[in-house]
Amino acid sequence: MMRSMVIVSRLAWRNLWRNHRRTMIMLTAVSIGVWAMIFMTALMRGMVNEMIRDTVRNLPGHVQIHHSEYRDDPSVVNSIPQPTGELLAALESPEVVAWASRVRVPAVISSERESRSVTLLGIDPARESTISFVADDIAEGRFLDDGADNGVIIGRKLADTLDTELGKRVVIMSQDPDNEIADRGFRVVGVFDAKTQQLEESFIFTGIKTSQKLLKIGDRVHEVAIIGPDFRNVAPMYKNIAAATGPGFSVLPWNELDSYIGTMLGVMDGFVLVWIVVVFLALSFGLVNTLVMAVFERVREIGLMLALGMKPIMILGQIIVESLLLLLIGLAIGNALAWLSVVPLQGGIDVSIVAEGMEMFGASAVLYPELLIADVIMANVIVILLGFVASLSPAWRASRYQPIEAITKV
Amino acid sequence: MSTVRCVELCRTFKQGDLEVVGLDHVSIEIEQGEFVCLVAPSGGGKTTLLNAIGGLDRPDAGEIWIGDKRIDNLSKGDLAEMRLNNIGFVFQAYNLIPVLTARENVEFVMHVQGVSAEERRRKSEAVLAEVGLEGLEDRRPAKMSGGQQQRVAVARAIVSEPTMVLADEPTANLDSHTAEQLIDLFMSLNKKHKTTFIIATHDQRVVAYARRIVKMLDGQVVEDISQQPA
């Protein structure tokens with residue numbers, strides 16, 4: 001059988017180059033198709049991954065711990081103690097890159113002109129700067145010095161809305177666990193820019209100790225945010241942390257915390273598959289046509305080979321090998337083209353001309369293509385598998401010829 | 001035991017609404033080492049009989065035996081196997097594989113048989129030399145004359161030492177000189193290797209060389225004569 005495969009492969013290879021022009025046209029089509037599959041996938045992956053990274057960085061982290069009631073009722077009473085014991089050990093394990101606990105309550109911020117409802121976050125600046133965006137995005141003023149910092153950081157859009165600015169005083173009002181008003185004046189010590197206006201309008205930051213004191217909650221917090229090494233693989237870390245928390249806690253991964261983004265990742269995976277299949281289906285018409293033509297031109301030869309004793313299965317194999325060789329060369333060229341076009345663009349593609357549209361669904365104005373090896377493998381495997389299926393019909397047809405009818409075909 | 005034994009073979013073809021008789025109760029026996037010509041006008045049934053003997057076509061009725069094996073009821077795959085190991089074919093229109101060189105064309109059958117590379121090489125070189133194509137081993141068919149191509153086809157037919165060689169109008173596309181050379185080649189191979197040759201032809205030059213002539217008309221054997229070859 002192996003020896004027969006040698007002649008089958010040799011015939012397939014030589015027949016492939018028998019009509020140079022047709023083979024080159026088909027190769028060009030396959031290469032461009034494969035390039036389009038991989039390049040477009042890299043662009044889409046880059047966009048979605050960037051959205052997810054931004055989202056994760058915009059506070060959720062990869063995993064969060066809350067009081068079990070907090071997600072339904074994010075009020076001051078649904079607090080949790082600072083991590084200790086087994087949970088603290090899990091948070092300090094090597095699979096956790098960084099973590100931070102936060103006070104997080106609804107509040108009202110008032111300048112001398114306007115008031116707005118916001119979410120007040122009491123943070124530990126040292127820990128927070130390793131997991132969320134705020135420290136890097138201070139546009140005016142400074143970040144918080146420590147957990148006892150009495151200053152407040154607000155977003156640019158909120159500053160404009162309140163008609164306030166750096167150095168001015170604002171009043172923050174919330175509610176303590178006894179349902180009493182908890183309020184005090186803060187000086188604006190920093191203004192941050194964010195990728196979306198919604199973030200700039202919704203969140204204000206002060207020191208964790210300052211907020212605990214304001215709310216009279218001792219050293220309790222409302223949220224622990226945790227970052228692992230890879231947002232695509234949070235399951236092991238999530239399981240360990242969930243196992244380390246006791247009853248009354250809620251532990252959720254990012255894709256459940258922000259179901260829109262989590263769903264988008266799932267949709268993206270499906271979309272990549274559909275995209276690759278659709279591009280290949282377009283290609284497959286050309287492929288099948290090429291093979292049908294090749295078989296039609298060689299009816300007499302096929303008849304001759306059958307007459308000389310070649311089994312139909314070997315004729316079938318020959319046409320399939322011919323198709324696979326064509327696809328493999330096309331894949332090699334297409335992969336190389338995709339790599340050559342993605343690598344120079346990994347620094348980012350400026351799409352600020354459509355920035356407003358991009359922001360509407362949470363994407364930034366710069367696209368960073370990401371060539372994932374899993375996507376490349378998937379594109380290659382799909383092309384080979386579907387190519388195999390597409391070549392079955394002409395190959396089957398060739399193998400069913402009656403030798404004497406084929407050999408006398410004019 | 002006969003090399004070929006056909007018993008009451010019948011074959012009809014449909015041509016539109018017409019039924020054309022290809023073979024009409026043909027019975028014939030051919031012994032090992034015979035040089036037989038099937039002679040008939042066009043449509044007389046010689047090619048139909050040749051194809052049936054070669055397992056390329058199935059009779060509607062009757063039996064075909066190659067040695068002690070009945071072949072008319074074999075499956076497609078078994079027929080292919082039988083052709084591969086027992087029969088060498090030489091067709092009218094050379095019928096070489098254009099993408100293979102002369103040597104590779106000759107080696108083709110051995111490749112399919114699973115013969116080792118060294119043996120293929122040794123046998124193909126020997127047989128190409130025997131048919132007078134030494135030095136042309138690496139040429140592709142398009143770079144060879146009609147006579148040379150037909151010699152490659154003959155080399156391919158005999159290289160794996162088949163029980164018999166079936167040739168359908170092998171000289172039809174050749175000039176007289178080349179045709180005579182080919183007939184001489186057939187004769188010498190028949191003498192040297194004791195290979196059975198069954199040739200369907202209406203070329204009188206070929207007929208003159210045959211020791212046995214089977215004349216056919218309208219699908220029937222009308223005369224089966226032995227003669228002293230020229």
Side-chain angles (χ1 to χ4, degrees), chain A residues 1-20 22-23 291 293-319 321-322 325-326 395-410, chain B residues 11 13 22 47-48 50-58 75-101 104-120 140-142 153 156-157 159-160 162 166 168-169:
Chain A
M1 192 64 189
M2 276 312 292
R3 282 178 185 154
S4 303
M5 278 312 292
V6 173
I7 190 70
V8 163
S9 306
R10 185 180 298 169
L11 282 167
W13 177 253
R14 294 205 186 152
N15 280 320
L16 189 61
W17 299 107
R18 201 163 164 171
N19 188 331
H20 280 83
R22 191 173 60 207
T23 300
L291 291 174
M293 287 297 293
V295 167
F296 188 71
E297 283 171 0
R298 301 207 297 266
V299 172
R300 286 186 62 175
E301 273 167 64
I302 291 166
L304 172 70
M305 287 187 272
L306 289 166
L308 293 177
M310 193 175 230
K311 291 195 171 165
I313 186 85
M314 289 169 76
I315 301 289
L316 185 97
Q318 190 185 317
I319 306 298
V321 168
E322 196 172 324
L325 284 171
L326 182 72
W396 176 256
R397 199 164 135 183
S399 72
R400 303 316 295 169
Y401 282 133
Q402 293 300 323
I404 201 61
E405 286 170 16
I407 217 163
T408 53
K409 198 128 186 159
V410 180
Chain B
R11 179 76 169 106
F13 300 99
T47 298
T48 309
L50 206 67
N51 290 339
I53 293 170
L56 295 173
D57 194 15
R58 280 181 203 279
S75 69
K76 219 173 165 181
D78 289 342
L79 268 179
E81 191 79 34
M82 186 280 295
R83 288 197 298 270
L84 180 67
N85 296 312
N86 294 292
I87 301 174
F89 288 98
V90 179
F91 298 100
Q92 179 179 342
Y94 321 143
N95 280 309
L96 299 177
I97 300 167
V99 292
L100 300 181
T101 63
E104 288 167 338
N105 265 288
V106 172
E107 288 185 7
F108 177 82
V109 171
M110 291 188 286
H111 246 303
V112 181
Q113 285 174 330
V115 175
S116 70
E118 306 84 74
E119 179 139 10
R120 285 201 310 266
R140 288 201 181 177
R156 182 183 62 197
V159 71
S160 58
L166 305 182
D168 187 11
E169 303 279 11

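Below, read A as the first sequence line, B as the second, and so on, with proteins coming before strands; counting in each chain starts at 1.
- For the pair A:Gly309 and B:Leu84, the tightest heavy-atom approach, listed with the atom from each and the gap, is CA-CB, 3.9 Å.
- In this structure, chain A has no heavy atom under 4.5 Å from any part of B:Arg58.
- One finds the CZ atom of A:Arg10 at 11.5 Å from the CZ atom of B:Phe108 (value rounded to the nearest 0.5 Å).
- With rounding to the nearest 0.5 Å, the separation of CD1 in A:Ile404 from CG in B:Leu50 is 8.5 Å.
- Here the CD1-CE distance, from A:Ile7 to B:Met110, works out to 10.5 Å after rounding to the nearest 0.5 Å.
- Counting heavy atoms from C-beta outward, B:Val99 and A:Trp13 have side chains that stay 4.5 Å or more apart.
- Taking the side chain as every heavy atom from C-beta outward, A:Lys311 and B:Lys76 never approach each other to under 4.5 Å.
- Between B:Glu104 and A:Arg14, some side-chain heavy-atom pair lies under the 4.5 Å cut-off.
- Summarising the local packing, CH2 of A:Trp17 is surrounded by more than 12 heavy atoms from other residues, nucleotides or ligands at distances under 6.0 Å.
- Ranking B:Thr47, B:Asp57, B:Asn51 against chain A, the residue ahead of the rest is B:Asn51, based on heavy-atom pairs under 4.5 Å.
- Chain A forms the most heavy-atom pairs under 4.5 Å with one residue out of B:Pro98, B:Gly77, B:Gly54, and that residue is B:Pro98.
- A:Arg298 does not touch chain B: none of its heavy atoms, backbone or side chain, sits under 4.5 Å away.
- You'll find the side chain of A:Leu304 stays beyond 4.5 Å of the side chain of B:Phe89, heavy atoms only.
- The side-chain heavy atoms of A:Leu308 and B:Val112, taken from C-beta on, include no pair separated by under 4.5 Å.
- A donor-acceptor pair is defined here as one N or O able to donate and one able to accept, closer than 3.5 Å; such a pair exists between the side chain of B:Arg83 and the backbone of A:Ala307.
- Going from atom CG of B:Leu100 over to atom CD of A:Glu301 covers 8.5 Å, rounded to the nearest 0.5 Å.
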